[in-house]
Amino acid sequence: MADVTQAVGKLVVAVTTAQGTIPLPGALVTVSAQTEDGPVLYRIVRTDTSGRTPVLELPAPSLSDSLSPDQPTPYLNYTVNVSLPGYQTAEVRDISIFPGIKSTLPVPLTPSTASGNQTQITELLDTQFGKRGR
């Protein structure tokens, strides 16, 4: 893959209650990616009073690599973890970031049960290619 530091994509994480009706401020949002060299932690932030993170600029492949058909993966896949006391931790995998594009990722949190914290894991499907992300 080409040098991924040349371009950036943007991501906003919007954290709400399970029904998506009430924003959840103060949620801890961690953004990481699995690279050829191992896992890389990119950002750790908290949501604001509207339940949103600031705009997170993340490395993305250059636009020319994204448009080239000979590239096996013309984007980077990120994992977002969201935690907040009183709610189950949520993990969203395979978030694609493209150069020059701002995306919003909605993450609904489910209240914790008395039996302890569990983690909700969501894998995004790659609908363009009809397969699961890596």
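The figures that follow rest on heavy atoms only: side chains count, while hydrogens, waters and symmetry mates do not.
Within the 4.5 Å cutoff, no side-chain heavy atoms of Gln88 are placed close to those of Leu109. Contact annotation: the side chain of Tyr42 approaches that of Pro59 to within less than 4.5 Å [non-hydrogen atoms, C-beta and beyond]. Put simply, the side chain of Arg46 reaches to within 4.5 Å of the side chain of Leu28, judged on heavy atoms. Proximity of Leu58 to Lys10: side-chain heavy atoms (C-beta onward) are nowhere separated by under 4.5 Å. Considering only heavy atoms from C-beta on, Ile95 comes within 4.5 Å of Val80 through its side chain.
Interatomic distance, Leu105 CG to Ile97 CD1, rounded to the nearest 0.5 Å: 8.5 Å. The line from CD1 of Ile44 to CG of Leu56 is 11.5 Å long, rounded to the nearest 0.5 Å. A distance of 10.0 Å separates CD of Glu91 from OG1 of Thr30, quoted to the nearest 0.5 Å. Between the OG1 atom in Thr89 and the CG atom in Leu84 there is a gap of 9.0 Å [rounded to 0.5 Å]. Considering CG of Leu11 and CZ of Arg43, their distance stands at 10.0 Å, rounded to 0.5 Å. Here the CZ atom belonging to Arg52 is positioned 12.5 Å from the CG atom belonging to Leu24, to the nearest 0.5 angstrom.
Heavy atoms only, all atoms of each residue included: Pro99 and Ala7 are closest at CB-CB, 3.7 Å. The two residues Thr104 and Pro106 come nearest to each other via the heavy atoms O-CD, 3.5 Å. Residues Ser50 and Pro23 come closest through the heavy atom pair O-CB, 3.1 Å. In terms of heavy-atom proximity, Ala90 sits nearest to Val107 at CB-CG1, 3.8 Å.
The hydrophobic clustering, which links ILVMFWY residues whose side-chain heavy atoms are closer than 4.5 Å, places Val45 and Val12 apart.
Results of the side chain to side chain contact (heavy atoms under 4.5 Å, CB included) test with Tyr87 over Val15, Thr110, Thr17 single out Thr17 as the only residue that passes.
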Exercise. Could you go step by step and tell me if Val13 and Thr47 meet the side chain to side chain contact (heavy atoms under 4.5 Å, CB included) rule?
Worked result: CA-CA 8 Å; Val13 180; Thr47 55; 5.7 Å; no

